[in-house]
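Predicted model only: the values in this text are computed from it and were never measured. Residue numbers start from 1 in every chain, and the chains themselves are labelled A, B, ... in the order their sequence lines are given, proteins ahead of strands.
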Amino acid sequence: MGDLHRTHTCGELTKEDVGNEVVLMGWVRRRRNLGGLLFVDLFDRHGLTQVVFRPDDDPEIFARAEHLGAEYVIGARGEVMARPEGTVNTDLPTGEVEVHVAELRVLNASETPPFVMEEPLKASDELRLEYRFLDLRRPHMQRLIEARHKAALATRKYLAGNGFLEIETPILAKKTPEGARDFIVPSRVHRGKVYALPQSPQLYKQILMVSGCDRYFQIARCLRDEDLRADRQPEHTQIDMEMSFVTEDDVFGVAEGLMTAIWREAAGVTIETPFPRLTYREAMDRFGSDKPDTRFGMEIVDLTDLLGETEFNVFRSTIEGGGTVKCLNAVGCGGWSRGEIDRREALAKKWGAKGLAWTKPVDGALQGGIGKFFSEKETAAVRERAGAAAGDLLLFVADARKKTNEILGRLRIALRDDLDLVPEGRLNFLWVTDFPMFAWNEDSGSWEAEHHMFTMPRPECIDLLETDPGQVLGRLYDLVLNGVEIASGSIRIHRRDIQERVMAVVGITSEDAERRFGFLLKAFDYGAPPHGGLAPGLDRIVMLVTGEDSIRDTIVFPKSYRGISLMDGSPSEAEPAVLDELGIRFVEPPDEESRDRDSG
RNA sequence: GGGGUCGUAGUUCAGUUUGGUUAGAACGCCGGCCUGUCACGCCGGAGGUCGCGAGUUCGAGUCUCGUCGGCCCCGCCA
C-alpha cells in the first residue's frame, strides 16, 4: 500500500465530504469506459463508491485505469466531488458524490472471476461453493454474514443481561445419547478408543446445572453424521441454554425475550409476545403437524361424530373400526377439474392414504364426488362444520386418527404452496407443548424416546411409565415459526430414580446406563437442582430473519449435498503414517476411481 | 440403502422428443470507437473432447449400458 492509508470505507462518503481528499481501498466491480471518461464501481463490505478517471486530469493514470480488471484490489487517492446535475444515483447511499482519482495503486490483480459478480447471481451452487471466497464477497452474502453476527451478538447481550453465563463445553466428548450417528475421533494416546464429536452439549449443560451455574448458554456447534438435506448440514449451530429452578413459563419468557431481541437487532422488526401455545395433540388434530404453519387457516375438520351412520361405506366402516373421518375445506377450489383433484389424490396416496374423497358445496347441497351418499342431515352438518360455501371444495380422508391427521396436514401445506395462501411478512411464533415421550418402533419392536430420554414426564404420567408408555406425555416444548421448528427443549429429569425408569422403557439396562451415562446419574446423586432448557437453531433463525429459503447461505462454508466441502476438498484421505500411528486400517482401501475424481 | 432430476463455450442456458452440413444465444473475456455512465452504448474477435467410458449405427450432443459429479425426495436425522 506504500504510503497510502485508507481514510474511508466505500459506503460512507456523502455530500458533507465534498472537497476533501480521501483514500479508498476496495475491489473493482464494474468498469464503464466511455472513452474520454471512465467509471469504476469500487466495492467493499460497507458499500460502493463511484470513482472517476479522466485523461484530462492525468493521461498516465487514465491509461492504467483502462487495464483494471474485475476484482482487482486497488487503492485510490482523490478528491470527493459532487456529481454533476442530473447524474446523481438515488439508489446509492453514496450516489451524490464520486471520487476523482489523483493516485491509483493496484494492490493486487485478480484472475477473471469464474462467474460475473452481479445480482441476481447466475452461478450454480457447485461453482459458488468451489469459489466461496468470491461468492461471499457479494453484497448479498455480506448482508447474511452481518445478520448472523447481529443475531449472535443480540443473543449474547440479551442472555448475559438476564443472568446467563457463557460456558464452553468439550468438542472431544463421550459418545452422546441421542439418536443420530456420531462423528468419531480416534485417540492416538489411547489406541483403540475414540472420542465422539457432540450432537449437542446436552449432558454437559445438565451437569453444569448440578454444579450450580444456575443459567448457562453457549452458541454451540452440533455435529451429526447423517445424510444431508437442503436444510440439514453435518454441523449446525444452536443457541444452547439451560436454567435451574424453572418451569416451562420461565423458559418461555426467556426465549420470547431472546427472539424479540434477535429480530429487533438483526432485522429491525418488532415481534409480539407472549407467543400462543398449542398442545401437541391439538396441533395434530387441527393442523396435522407438530410444527403448524398458523399463518393461514384451512384447519382440519373432524367429521367422525357426524358420519357414523352414513351410507358411504368407506367412511362408516372406518368409523366402526375406531378410525376417523376428517376433511379440509379448500376454499375457492370448487372450480377444480377432475385432473386437478386427481393430482392431489395421487399425492395423498403417496403419503399413505387409501384415497382422497371429495365433493363440492353448491347452494344448499353437496354436488359431485361422494356428496350423493350423504343424507340431508349429514350434508347440512358437514357443510356447517367445515364452513363450506358455494365455490369451495371439500377433501376427505378416512383412516386411523394419526394417519388421517398426517395426510391432511401434508395436504394442507401442499395447498398453501399451490394456492399461495400465506400473507407477506407474517411472523407466527407458536409454542407446541406436551409431546408424547415415547414412540413405538415397529422395526425394532421397542419403545424409543421421541425427543431424548432426559425429559421429565408430566407428573400425572409418571406412573404410566411401566404400564402404558405410549400415553406418557413429557414436559417437552418446541418453538415454531411459520411452520418451521426453530427451537426445542424440555424440563429435564434431575432424579436418578425417574431417570432409570425412563431408561428402562427404552430398553436400557442399568448396566448399560451405568456404562454410558454413569457420570450423569452420579451427578444426580449429589444435589441436582430441578432444571430445564431450550436450544434454538441459529442457522434456521438467521434464515428466517433474512428471508432466505435455505440454511445453506447462512453458513459461510457449508458442505455440499454429499457432505463434501467443495472449496477445500474435505473429507480427504488420511496419510498411511497417520493411520499407522492411530492403529487404524480401513477394511476396504479406497478404489482408484474415487482417488482420482477429476474426470468430471 | 432406495428413488427423481440435471451435466453442452469462462458462466447461465437453448439444441436431445424425431440421430444427418460448420453445435447456437446471452453475459463475461480480448481488440477498436465513444466525455456523464451506473446492467453504459456501438462495431469486430477469440473461445467447445457436448462430464467420462463403452456400445448400436454409414453417421451420436441426440439412442443403449456403465460410471463420476451437482441438486432434490424417502429412509435416517434436533
Side-chain angles (χ1 to χ4, degrees), chain A residues 29-42 48-57 62 66-67 69-71 81 83-92 94-95 98 100 111-131 134 176 178-182 198-200 202 220 222-234 236-238 240 290-291 350-352 435 441 443 449-452 476 478-479 484-490 534-537 539-540 550 552 560-562 564 566 591-600:
Chain A
R29 203 77 80 199
R30 297 203 99 94
R31 296 137 297 151
R32 294 177 292 279
N33 186 351
L34 275 57
L37 185 64
L38 191 155
F39 300 102
V40 164
D41 289 342
L42 193 64
L48 119 78
T49 298
Q50 175 165 280
V51 298
V52 186
F53 299 87
R54 316 168 70 134
D56 295 349
D57 295 345
F62 185 86
E66 285 192 296
H67 291 100
E71 299 309 312
M81 311 265 266
R83 293 199 190 185
E85 191 81 15
T87 65
V88 167
N89 185 340
T90 52
D91 296 336
L92 224 55
T94 62
E98 58 194 11
H100 288 240
E111 295 286 320
T112 299
F115 47 80
V116 185
M117 303 278 274
E118 64 184 356
E119 302 296 338
L121 185 69
K122 283 194 209 117
S124 65
D125 286 348
E126 188 182 0
L127 198 68
R128 288 179 55 205
L129 289 177
E130 184 184 344
Y131 290 90
L134 284 175
T176 34
E178 285 159 86
R181 294 184 184 92
D182 290 306
Q199 295 177 34
S200 83
Q202 180 66 31
C222 302
L223 301 115
R224 297 188 191 104
D225 188 10
E226 292 291 349
D227 289 356
L228 275 51
R229 285 288 185 283
D231 62 346
R232 207 194 293 162
Q233 286 276 314
H236 73 279
T237 304
Q238 291 194 329
D240 194 49
D290 61 358
K291 42 177 194 288
K350 204 176 86 188
W351 299 327
F435 285 78
N441 184 320
D443 296 335
E450 277 268 8
H451 181 75
H452 60 55
L476 282 157
D478 280 0
L479 179 57
V484 178
E485 180 202 309
I486 60 169
S488 184
S490 63
L534 189 76
D539 310 297
R540 282 184 181 174
S550 158
R552 205 51 114 24
S560 83
Y561 203 77
R562 286 181 62 249
I564 292 167
L566 266 19
D591 54 83
E592 297 303 314
E593 239 74 12
S594 68
R595 187 170 305 177
D596 181 44
R597 37 183 63 139
D598 295 352
S599 50

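- Across all strands shown, B:G48 forms no Watson-Crick or G-U wobble pair with both key distances under 3.5 Å.
- Heavy atoms only, all atoms of each residue included: A:Pro114 and A:Leu127 are closest at O-CD2, 4.0 Å.
- Using a 4.0 Å heavy-atom cutoff across all strands shown, A:Glu119 reaches no nucleic acid atom at all.
- Rounded to whole Å, the separation between the C1' atoms of B:U64 and B:G19 comes to 13 Å.
- As rounded to whole Å, 12 Å separates atom C1' of B:G32 from atom NE2 of A:His67.
- Under the Watson-Crick or G-U wobble criterion, with both distances below 3.5 Å, B:G7 is paired with B:C68.
- Here A:Arg30 contributes atom CZ and A:Gln50 contributes atom CD; the two are 13.0 Å apart, rounded to the nearest 0.5 Å.
- Side-chain nitrogen and oxygen atoms of A:Tyr561 include none within less than 4.0 Å of the OP1 or OP2 phosphate oxygen of B:G69.
- Atom P of nucleotide B:C34 and atom CZ of A:Arg54 are separated by 16 Å, given to the nearest angstrom.
- Not a single donor-acceptor contact under 3.5 angstrom links the side-chain atoms of A:Glu226 to the base of B:G75.
- Residue A:Asp91 is the one, among A:Arg229 and A:Asp91, whose nearest nucleotide of RNA chain B lies closer to the 5' end (criterion: closest heavy atom).
- A:Gln238 comes within contact range of the sugar-phosphate backbone alone, with a heavy-atom separation under 4.0 Å but no base atom that close.
- When the P atom is used for both B:U8 and B:G70, the distance is 14 Å, rounded to whole Å.
- A stacked arrangement is assigned to A:Phe39 and the six-membered base ring of B:U37, with a centre-to-centre distance below 5.5 Å and an interplanar angle below 30°.
- For A:Ser124, a side-chain nitrogen or oxygen approaches OP1 or OP2 of B:U12 to under 4.0 Å.
- Rounded to whole Å, the distance from CD on A:Glu66 to P on B:G31 is 10 Å.
- Comparing the same atom, P, in B:C58 and in B:G45 gives a spacing of 40 Å after rounding to whole Å.
- Close to B:C68, at under 4.0 Å from its OP1 or OP2, lies no side-chain N or O of A:Arg562.
- Of the C1' atoms belonging to B:G20 and B:U16, the separation is 14 Å, rounded to the nearest Å.
- When heavy atoms are screened at a 4.0 angstrom cut-off, A:Glu126 is found touching the sugar-phosphate backbone but no base atom.
- Atom OH in A:Tyr561 sits 11.0 Å away from atom CD in A:Gln233 (nearest 0.5 Å).
- For A:Leu37, the side-chain atoms get nearest to B:G36 when compared with the rest of B:G36, B:C38, B:C29.
- Comparing atom distances between the A:Glu118 side chain and each of B:C27, B:C38, B:C77 picks out B:C27 as nearest.
- Contacts of A:Pro84 with the nucleic acid, taken as non-hydrogen atoms under 4.0 Å apart, include base atoms.
- Here the side chain of A:Arg31 is nearest to one of B:G10, B:C29, B:G75, namely B:C29.
- The shortest distance between the side-chain N/O atoms of A:Arg32 and the OP1/OP2 oxygens of B:C40 is below 4.0 Å.
- Comparing the C1' positions of B:A9 and B:G53 gives an interatomic distance of 23 Å, to the nearest angstrom.
- Contact annotation for A:Arg540: no contact, since no heavy-atom pair falls under 4.0 Å across all strands.
- Rounded to a whole angstrom, the distance from the C1' atom of B:A14 to that of B:G24 is 7 Å.
- The number of heavy atoms from other shown groups lying within 6.0 Å of CD (A:Glu111) does not exceed 12.
- Side-chain contact between A:Ser488 and A:Leu479 is absent, with no heavy-atom pair separated by less than 4.5 Å.
- Between B:C40 and A:Arg30, a contact under 4.0 Å exists linking OP1 or OP2 to a side-chain N or O.
- Under a 4.0 Å N-O distance rule, the pair A:Asp478/A:Lys291 does not qualify as a salt bridge.
- Residue side chain A:Arg232 reaches the base of B:C76 through a donor-acceptor N/O pair under 3.5 Å, judged by distance alone.
- For A:Phe53 and B:U35, the CZ to P distance is 18 Å, given to the nearest whole Å.
- In terms of position along RNA chain B, the nucleotide closest to A:Ala70 lies nearer the 5' end than the nucleotide closest to the other residue of the pair A:Ala70 and A:Asn441.
- Distance, A:Asp57 CG to B:U35 C1': 11 Å, rounded to whole Å.
- For B:C71, neither phosphate oxygen OP1 nor OP2 lies less than 4.0 angstrom from any side-chain nitrogen or oxygen of A:Arg128.
- Using a 4.0 Å cut-off between charged side-chain N and carboxylate O, A:Asp41 and A:Arg32 make a salt bridge.
- Rounded to the nearest Å, the gap between the C1' atom of B:G10 and that of B:A46 is 12 Å.
- Rounded to whole Å, the distance from CG on A:Leu566 to C1' on B:C68 is 14 Å.
- Nucleotide B:C38: unpaired (no Watson-Crick or G-U wobble partner with both distances less than 3.5 Å).
- When distances are taken from the side chain of A:Ile564 to each of B:G70, B:G36, B:U12, the shortest belongs to B:G70.
- A:Leu34 has its side chain within reach of A:Phe39: a pair of non-hydrogen atoms, C-beta onward, lies under 4.5 Å apart.
- For the P atoms, the distance from B:A25 to B:C72 is 32 Å, rounded to whole Å.
- Remark: C1' of B:C29 and CD of A:Glu71 are 15 Å apart, rounded to the nearest angstrom.
- At a threshold of 4.0 angstrom between heavy atoms, the contacts of A:Leu92 with the nucleic acid are absent.
- Regarding A:Gln50, its CD atom lies at a distance of 6 Å from the C1' atom of B:C38, rounded to whole Å.
- Evaluation of atom-type donor-acceptor distances gives no pair under 3.5 Å for the side chain of A:Asp125 against the base of B:C71.
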